[in-house]
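Data block below; observations after.
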Amino acid sequence: MSKVPSVIHWFRLDLRIHDNLALRNAINEAENRKHLLRPIYVLDPNIKSKIGVNRLRFLIQSLQDLDTNLRKLNSRLYILKGNPVELLPKFFDQWQVKFLTTQVDIDPEIVDQEEAVEKIAEEKDVFIIKRVQHTVYDVYSVLKKNNGAVPLTYQKFMSLVNDIQVKEAKDISKVVSDYCKPTDEDLDAYDVPKLEEFVDESTLTPCKYPGGETEAIKRLNNYMAKKQWVCKFEKPNTSPNSIEPSTTVLSPYLSHGCLSPKLFYHKLKEAESGMKHSDPPVSLMGQLMWREFYYTAGAGTKNFDKMVGNPICMQIPWVKKEEYIKAWAEGKTGYPFVDAIMRQLKQEGWIHHLARHMVACFLTRGDLWVSWEEGAKIFEDYLLDYDWSLNAGNWMWLSASAFFYKYFRVYSPVAFGKKTDKEGLYIRKYVPELKKYPTAFIYEPWKAPKSIQNTAGCIIGEGYPHRIVDHEKIHKENMQKMSSAYRMNKEKKAMKRSIS
DNA sequence: AATCAGGTTGGAAAC
DNA sequence: AGTTTCCAACCTGAT
């Protein structure tokens, strides 16, 4: 048992020191009560089987950086290995915990854990403080402002937050307290694990986006220094298939909470101030607002990450074809642009937003007619910036299940990529077996005559797969299916109305 | 209740 | 080369 009672800050998706009001509250409380501050992170020992290796690497790096930064405050990170619902009550006793702070999260898995812990905390007289710091706005007050209804268009959402003042992002990097200093016990037991404890590092691809708050701030400042670039930013004009990212890649840092969305917000305001600049929805600020939009929708909608039982989701009779899902996930559809994107995703953990559009449309309403939920599961594994509400929301958008309904707007796996990469350099990088194909056939290698396939050193059907479907034919059939699915949904709605 | 405008970023054909 | 129109007719939100 600890000699001194403790105050806990429970880190979850807020892996940072800056603009962490809940952590600041914990430090203050430790001072006032003369208790010991114990910043914790609860790590699932089975995490390797739950998320992809790139995401795991990003998480471990973020935890290591967090520990380093906490040590600058005289504190440290305590890693607890296990299930929070079982572990926390034990530590409440062992450490004599009287006070716990944490941030507001909306991922149902996190919320479930939190509710169970809250219940036990009440029995054990542990006082809990939660702070909104994962979004710019408090999504629940936005929902309240809309009379509890979910804003289903971006414009509607923007009109709701238009007059809300955003408080400044607090810097606590200078707050050093004596009560932060760990004093007792077997401290090594709580060290941040090394990545090699989970995976053989020789199997990993090179790390393009290292995790952690330090890296997040560096990346933020790098981009914000380019004022002209920030002010001219228009998302639709950025390229999904440039070799180096055409956008900021701040998303993984936002999703893990290495970067405060409020800090990003104010830095953007600062960069735009006094300058002519682009506006939402296409501006960089607009991108941050999309995140807020989906968070609000996710918080206000039952079963947001599912089709069945989700009141805003179109019910569509998708077909779960395992061989389609596998080919898509592995980048073996026979459509080089689609495959390049999926392989970049698997290797690097990040792909451009429009590249996500391409592959999401292809898997669902465009070509393969597989449920968006299947795609969302694979993105959850691979994306460094995986985020519960953004993932479900965007998948519904692209599959024309919610928010977006013009299902005849189908991305062509042949034409779309050509707009920004005529030569197919992106394909040549990520689908190297096609590297030597002439530009005329790089997006459609099946059209190359056998002699050219031979010269290029890759026969279609041998070194690279045949097309999984005929896009030209199937996307038109799928449009018909969408049309009848919509009709069914409409009839069901009308029926419900007439009953009530 | 009924109608209307508008919707982050498609593609192909016709001008 | 850049703009307009069709595809088929969706949805939400405002009036």
Side-chain angles (χ1 to χ4, degrees), chain A residues 145-160 162 232-242 246-247 251 277-294 296-297 300-301 310-316 335 337-338 341 351-362 364-367 390 393-422 443-444 471-494 497-498 500:
Chain A
K145 201 170 169 186
N146 200 33
N147 303 316
V150 176
L152 291 170
T153 65
Y154 187 77
Q155 287 193 354
K156 177 71 190 171
F157 170 79
M158 289 303 274
S159 74
L160 291 168
N162 192 25
K232 279 192 182 145
F233 186 94
E234 289 185 349
K235 188 58 158 283
N237 296 336
T238 59
S239 165
N241 47 5
S242 52
S246 59
T247 52
S251 51
H277 60 80
S278 55
D279 284 303
V282 296
S283 64
L284 265 181
M285 181 61 87
Q287 306 312 301
L288 184 58
M289 292 298 114
W290 278 106
R291 180 172 182 270
E292 301 288 318
F293 169 71
Y294 284 123
T296 309
T301 308
N310 179 343
I312 67 168
C313 184
M314 207 63 79
Q315 304 297 305
I316 297 168
Y335 282 96
F337 187 44
V338 172
I341 294 168
I351 49 177
H352 186 278
H353 184 67
L354 291 180
R356 301 179 198 203
H357 279 213
M358 174 71 247
V359 296
C361 181
F362 189 87
T364 57
R365 67 188 167 86
D367 296 84
L390 273 68
N394 276 308
W395 270 101
M396 281 190 273
W397 182 295
L398 262 304
S399 60
S401 299
F403 309 115
F404 170 85
Y405 305 97
K406 291 186 214 177
Y407 54 77
F408 48 88
R409 289 193 174 179
V410 177
Y411 289 81
S412 158
V414 173
F416 188 62
K418 283 185 186 171
K419 286 195 281 191
T420 42
D421 180 19
K422 277 202 176 58
Y443 283 89
E444 307 169 272
H471 173 78
E472 275 316 305
K473 192 163 150 266
I474 204 120
H475 91 276
K476 285 187 181 144
E477 291 171 18
N478 288 348
M479 247 151 73
Q480 294 280 316
K481 288 192 202 165
M482 286 302 284
S483 168
S484 56
Y486 271 31
R487 210 165 40 241
M488 292 282 285
N489 279 266
K490 212 170 165 179
E491 279 166 19
K492 257 191 206 162
K493 264 193 187 169
R497 252 203 308 278
S498 69
S500 67

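In the text below, chain A, chain B and the rest are named by the order of the sequence lines, each starting its count at 1.
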How long is the gap from NE2 on A/His475 to SG on A/Cys361, to the nearest 0.5 Å?
9.0 Å
Determine, step by step, whether A/His277 and A/Ser283 satisfy the side-chain hydrogen bond (donor to acceptor under 3.5 Å, both in side chains) criterion, reporting the C-alpha distance in whole Å, the side-chain angles of both residues, the deciding distance to 0.1 Å, and the verdict.
CA-CA 8 Å; A/His277 60 80; A/Ser283 64; over 6 Å; no
May I ask you to check whether A/His352 and A/Thr238 show a side-chain donor-acceptor distance below 3.5 Å?
yes
Whole-Å P distance, C/dT5 and B/dG6
15 Å
Check: A/Met289 and A/Pro281 side chains under 4.5 Å, non-hydrogen atoms
no
Going 5' to 3' on DNA chain C, which nucleotide is the first and which the last to come under 4.0 Å of a heavy atom in chain A?
C/dC7 to C/dA14
Where does the angle between the aromatic ring planes of A/Tyr294 and A/Phe403 fall among parallel (under 30°), tilted (30 to 60°) and perpendicular (over 60°)?
perpendicular
Test item: A/Met396 and A/Asn310 side chains (from C-beta on) under 4.5 Å apart, heavy atoms:
yes
What integer number of Å spans the P atoms of C/dA8 and B/dA5?
23 Å
Quick one, A/His353 and A/Thr247 - any side-chain contact, counting heavy atoms below 4.5 Å?
no
Closest non-hydrogen atoms of A/Trp395 and A/Thr364, given as atom of the first, atom of the second and distance, are CZ3-CG2, 3.9 Å
Enclosure of A/Lys145 NZ (heavy-atom neighbours >12, cutoff 6.0 Å):
yes
Nearest heavy atom decides the nucleotide; on that basis, is A/Lys493 or A/Gln480 closer to the 5' end of DNA chain C?
A/Gln480
Please state the P separation for the pair B/dT8 and C/dA14 - nearest whole angstrom.
13 Å
What's the gap between B/dG7 and C/dA9 when it is taken at their C1' atoms, as a whole Å value?
14 Å
Once you apply a heavy-atom cut-off of 4.0 Å, does A/Thr238 come out as touching a base, just sugar-phosphate, or nothing?
nothing
Roughly how many Å apart are B/dG11 and C/dC10, using the P atom of each and rounding to a whole number?
23 Å
Euclidean distance, atom OH of residue A/Tyr405 to atom P of B/dG6 [Å, nearest integer]
19 Å
No-hydrogen, no-angle side-chain donor-acceptor test under 3.5 Å, A/His357 and A/Tyr411
yes
Drop me the distance from A/Met314's CE to A/Tyr407's OH, to the nearest 0.5 angstrom.
9.5 Å
Base-contact (B) and sugar-phosphate-only (S) positions in nucleotides 8-15 of chain B, heavy-atom cut-off under 4.0 Å, - elsewhere
BBBSS---
So what is the 5' to 3' dot-bracket string for DNA chain B, if pairs are Watson-Crick or G-U wobble with both distances under 3.5 Å, crossing pairs use [ ] and | means the partner sits on another strand?
.||||||..||||||
